[in-house]
Q: 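Please see the structure below; I have some questions.
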Amino acid sequence: MVYDFNNIEKKWQARWAKNKTFKADSYSKKPKYYILDMFPYPSGSGLHVGHPLGYIASDIYSRYKRHKGFNVLHPQGYDSFGLPAEQYAIQTGQHPAKTTQENINRYRQQLDQMGFSFDWSREVRTSEPDFYKWTQWIFLLLFDHYYCNISNMAKPVRELIEHFEKNGNESLDAVCSFDTPQFTYVEWSGFSENEQQDLLLNYRLAYLSETEVNWCADLGTVLANDEIINGVSDRGGYQVTKKKMKQWSMRIGAYAERLLKGLEKIDWPESLKEMQRNWIGKSIGAKVLFQIEGYEKKIEVFTTRPDTIFGVTFMTIAPELDLVQEITHPDQKEAVTAYIDETQKRTQRERMADIESCTGVFTGSYVLHPFTQERIPIWIGDYVLADYGTGAVMAVPCGDQRDFDFAKHFDIPIKNIFKNVSIEKKAFTDKEISVIDNSDFLSGLSYEKAIKIVIQKLELQGSGEGTINYRLRDAIFSRQRYWGEPIPIYYKDKLPQPLKLKHLPLDLPEVENYLPTAEGYPPLGNAVTWAWDTQKEKVVENKLIDNQTIFPLELNTMPGWAGSSWYFYRYMDAQNSDAFVGNKAAQYWREVDLYLGGSEHATGHLLYSRFWQKFLFDINLLPVEEYAKKLINQGMILGNSAFVYRKPGTQSYISKELIHESEKLEPIRVDVNLVNSSDELDVESVRKWQPQFENADFKLNNGVFKVGREVEKMSKSKYNVINPDEICEQYGADTLRMYEMFLGPIEQSKPWNTSGISGVHNFLKKYWRLFHEGNDIIVKDEQPSKKELKILHETIKKITYDIEHFSFNTCVSGLMICVNELTALNCHSRAILSPLTLLLSPFAPHLASEIWEKLGNQNTIDHVDFPVANESYLIEDTKNYPVSFNGKMRFTLELSIDLDNSAIQEAVLQDKRVVDYLEGKTPKKWIIVPNKIINIVY
RNA sequence: GCUCGGAUGGUGGAAUUGGUAGACACGUUGGACUUAAAAUCCAAUGACCAUUGCGGUCGUGCGGGUUCAAGUCCCGCUCCGAGUACCA
């Protein structure tokens with residue numbers, strides 16, 4: 001009887017679905033374990049072989065944990081709002097909801113055929129109103145809270161208002177926008193309602209503000225930096241300009257320090273933590289105030305080197321600052337305006353690419369040095385970024401390379417404040433070995449001491465203070481897009497007002513046209529009908545109508561990361577219609593025990609979700625401050641792209657081996673599915689594949705056309721996608737699962753390559769044969785031999801250890817060795833085969849289930865206890881030791897035994913530690929290597 | 001530039017954390033079974049030398065060091081990958 005994987009897999013998948021085998025109990029006496037995968041975005045191309053890598057690993061671990069007696073929550077869902085569905089809608093006029101549903105169906109079918117043990121009863125979709133109701137609700141909570149620096153947590157805006165009524169904002173220590181004015185309680189009560197609301201926006205965690213964005217008028221939308229190439233839009237090549245727009249933002253900066261500190265408590269990959277640390281970018285330094293000559297205003301700068309304050313010879317401010325207009329001297333007006341126009345045309349990308357050139361202009365104004373009162377010229381330079389620190393820099397050319405270059409370029413004096421250092425050619429930046437000189441009260445001090453003293457002095461005279469600055473910027477939350485969560489806000493006198501919980505979900509309306517308009521009017525503006533009608537209030541045509549009063553609604557939608565920032569809590573209580581997660585469920589499941597996903601989300605999803613978690617923890621809605629105890633980044637499975645080479649300007653393609661090195665050819669990607677394993681191209685299929693190849697000329701070599709290969713990310717646009725479906729068809733899901741694990745360590749990226757798949761498939765066939773002879777299952781209830789027991793228990797030990805350390809590739813090897821050895825011994829003992837099948841079950845669940853049933857077990861294998869290694873079977877017989885043996889051993893040994901053996905005595909006496917021993921020090925363990933030396937482990 | 005990873009046979013990768021390097025698998029070669037093929041099984045397979053039998057030498061990117069013992073630890077390089085980039 002052959003291993004009929006297709007039928008076995010169908011049989012068990014149907015049975016699992018019917019019996020709801022993997023449904024997690026809501027509450028259980030068993031210990032809980034929550035294993036989460038990053039949910040997929042259901043794209044049009046379906047799953048490729050790279051997607052399931054992490055899912056296979058988490059599935060193995062989930063099945064293992066069930067065998068170990070845990071109540072395992074292993075859910076799955078879809079991150080179903082997003083750009084590609086909307087782009088597709090724009091092109092074809094199909095509603096994104098429709099295409100999304102189709103894609104989800106395909107994904108589900110593909111996930112099921114891999115035999116994953118997901119609890120589908122808890123499925124979530126971010127684009128479903130039942131789900132985004134709560135995303136909108138969380139947004140409203142963020143809108144309704146501010147960050148208090150004293151208690152170091154979010155607090156209700158209500159308390160903020162109380163504080164303003166009693167004290168104004170002077171004595172308040174809260175996170176707020178940079179340009180928040182100071183006011184007293186008297187002033188506060190004098191403000192109009194609108195003025196008050198406007199000020200409150202400076203404190204809210206979700207707030208509306210004027211933000212500079214990359215605006216593309218032709219596409220009618222804001223673009224992210226990576227959507228712009230060489231100053232024009234990546235899509236269509238249109239011009240991109242900078243524009244100030246009212247945008248919703250999230251005050252993630254308020255949580256910078258806690259996001260940093262929290263990393264110490266969680267078991268996440270060090271490299272990923274490092275990425276988050278760099279992204280948060282903490283730097284310790286000082287704020288220094290410089291009085292502008294002839295003005296009341298002061299310019300505040302942030303510096304990490306306040307010790308170099310006596311080296312300041314000019315100041316540079318970012319061209320975007322409003323301050324620029326105010327302080328520009330009439331004589332310089334023309335030059336400054338010209339420069340600002342110039343920089344505005346340059347996109348951020350151009351500015352970034354153009355590190356070499358040094359541009360700037362003098363404002364004609366001066367600030368006064370806080371200690372020497374010297375006049376310091378104020379320059380404008382676009383090497384200063386408006387949104388880092390205060391957008392102004394005290395330039396110390398002797399100690400900073402950029403300031404040095406700027407000074408050299410514009411011929412500004414450079415003052416040396418370092419002892420015994422030449423600054424002729426470049427700035428001196430090595431702070432650790434510097435000694436300050438030529439600096440009044442700081443002369444002769446080291447960098448560390450000077451910083452302490454200068455900060456004291458600054459604080460004393462009120463012209464600065466020690467401070468910490470973070471690189472992390474507040475996250476822009478508005479998107480001029482259709483396929484996302486509507487922001488639950490309406491406008492009263494142009495001020496944002498929150499909708500109420502009873503209004504939620506604010507459904508995404510139907511529109512005729514998904515394209516945003518050229519003025520930046522979002523596509524929701526095209527909406528004809530909005531969905532709800534609550535008592536007196538209703539929403540019609542972008543308007544909230546309340547008692548005959550009409551208010552416009554917010555038309556922007558939320559970004560992709562909104563729904564994914566909290567979805568893992570929804571799984572705990574997916575059907576709850578009264579809360580985003582019920583208290584009882586949150587208390588039982590608490591947090592994710594193991595999270596698997598790609599490191600590409602390090603500074604996106606994985607940071608934003610930690611931010612929302614901390615916020616929801618602050619306001620007592622969640623029990624823990626970090627939601628994922630342990631995180632593993634699975635590597636990417638890369639594609640092996642195929643290239644054909646075209647002579648420029650012709651339709652002539654040349655087989656790979658016929659290419660001379662000197663020839664310049666254009667590489668063009670072809671679908672890898674049209675290439676066989678020897679890199680030979682199916683020319684006829686290529687002609688049918690794309691019209692450009694229809695009449696092309698292919699120069700063959702020995703009757704075949706060979707392609708070039710390159711390893712790249714697997715993506716539809718690179719035509720290198722391999723779908724798992726065919727492999728499941730040809731080898732079965734169990735083979736695919738084990739093969740993907742066998743490929744290498746889970747964290748490692750690797751190119752997809754099917755050449756080794758037969759090895760794994762052979763193993764499963766061999767495993768099947770271990771139990772079969774002809775059509776009969778052959779299992780004997782006989783006492784297993786010592787040797788068989790030893791093989792089994794060694795394997796149990798290894799597999800258990802390796803699964804717990806997520807070393808799934810070595811698990812597969814371990815099982816292979818075990819089966820090879822048992823085959824050689826012709827083992828048919830039930831006492832061996834039964835536990836062995838349990839060991840296999842997480843990896844090849846269909847095969848294991850089938851054999852388990854054939855062994856006559858009444859229960860299914862899924863929740864049976866995992867075998868435990870019995871050490872007594874593993875102990876080596878050491879009696880015949882030590883002159884010759886196979887394998888390596890570690891054990892405690894009486895020294896006298898070995899020293900009596902003259903064959904090894906000579907070697908032993910070379911070992912310093914033996915001498916130590918003879919002098920009275922006791923070793924703990926010895927390791928003996930034949931013909932070599934004795935090792936002693938203390 | 002900065003930060004973090006990595007480098008082991010023809011290939012993917014093991015190595016109990018300092019203790020027989022190359023497990024397991026692919027590939028290759030030879031053999032068995034077969035009219036033949038497929039399937040399956042067996043053997044060899046790091047390199048070089050010796051192969052009449054044993055055997056020997058070198059080997060974990062390069063150069064040093066610590067140690068009885070280094071793929072593993074330390075110092076200095078080279079190359080590759082990832083992240084980030086005028087962050088004051």
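Reminder, nothing fancy here: chain letters follow the sequence lines and each chain counts from 1.
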Q: For the P atoms, the ones on B/rU57 and on B/rA43, what distance do you get once it is rounded to whole angstrom?
A: 29 Å
Q: Would you indicate, yes or no, if B/rC87 has its OP1 or OP2 atom less than 4.0 angstrom from a side-chain nitrogen or oxygen of A/Asn469?
A: no
Q: Given A/Tyr383, which partner from the list A/Asp403, A/Asp405, A/Thr359 fulfils the side chain to side chain donor-acceptor pair (under 3.5 Å) test?
A: A/Asp403
Q: Per the atom types in the model, does the base of B/rC87 pair as donor or acceptor with the side chain of A/Arg473 at under 3.5 Å?
A: yes
Q: Distance check: side-chain N/O of A/Lys765 vs OP1/OP2 of B/rU40, anything under 4.0 Å?
A: yes
Q: For A/Tyr388 and B/rA88, is the shortest distance between a side-chain N/O and OP1 or OP2 below 4.0 Å?
A: yes
Q: Counting any heavy atom closer than 4.0 Å, what does A/Lys766 reach on the DNA or RNA strands: base, sugar-phosphate only, or nothing?
A: sugar-phosphate
Q: Please confirm whether the shortest side-chain N or O distance from A/Arg277 to OP1 or OP2 of B/rG83 is below 4.0 Å.
A: no
Q: Looking for any heavy atom pair under 4.0 Å, which part of the strands does A/Lys798 touch: base, sugar-phosphate only, or nothing?
A: nothing
Q: If we call it a pair only when both distances are under 3.5 Å in a Watson-Crick or G-U wobble match, what pairs with B/rG1?
A: B/rU84
Q: Assign a letter to each nucleotide of nucleotides 4-13 of chain B from its 5' end: B, base within under 4.0 Å of a protein heavy atom; S, sugar-phosphate only; -, no contact.
A: S-------BS
Q: Which label fits B/rG9, syn or anti, where anti is any glycosidic angle not within 90° of 0?
A: syn
Q: What about the rings of A/Trp752 and A/Tyr739, do their centers lie closer together than 6.0 Å?
A: yes
Q: If the C1' atom of B/rU8 is compared with that of B/rC79, how far apart are they to the nearest Å?
A: 16 Å
Q: Which whole number of Å gives the distance between the P atom of B/rA23 and that of B/rU34?
A: 33 Å
Q: Using ring centroids (six-membered ring only for Trp), state whether A/His761 and A/Phe5 fall under 6.0 Å.
A: yes
Q: Is the shortest side-chain N/O distance from A/Asn762 to OP1 or OP2 of B/rC41 below 4.0 Å?
A: no
Q: In whole Å, what separates the C1' atom of B/rG59 from that of B/rC42?
A: 30 Å
Q: Does A/Arg769 make a side-chain N or O approach to OP1 or OP2 of B/rC41 shorter than 4.0 Å?
A: yes
Q: Looking at the rings of A/Tyr767 and A/Tyr3, which for Trp means the six-membered one, are their centres under 6.0 Å apart?
A: no
Q: When the C1' atoms of B/rC54 and B/rC49 are considered, how many whole Å apart are they?
A: 15 Å
Q: Distance check, P atoms only: B/rG9 and B/rA47, in whole angstrom units.
A: 12 Å
Q: If you assign each of A/Asp802 and A/Asn278 to its closest nucleotide in RNA chain B, which residue comes earlier from the 5' end?
A: A/Asn278
Q: Return the CG to CD distance between A/Leu472 and A/Gln276, rounded to the nearest 0.5 Å.
A: 10.0 Å
Q: Between A/Thr603 and A/Val393, which residue's closest nucleotide on RNA chain B lies nearer the 5′ terminus?
A: A/Thr603
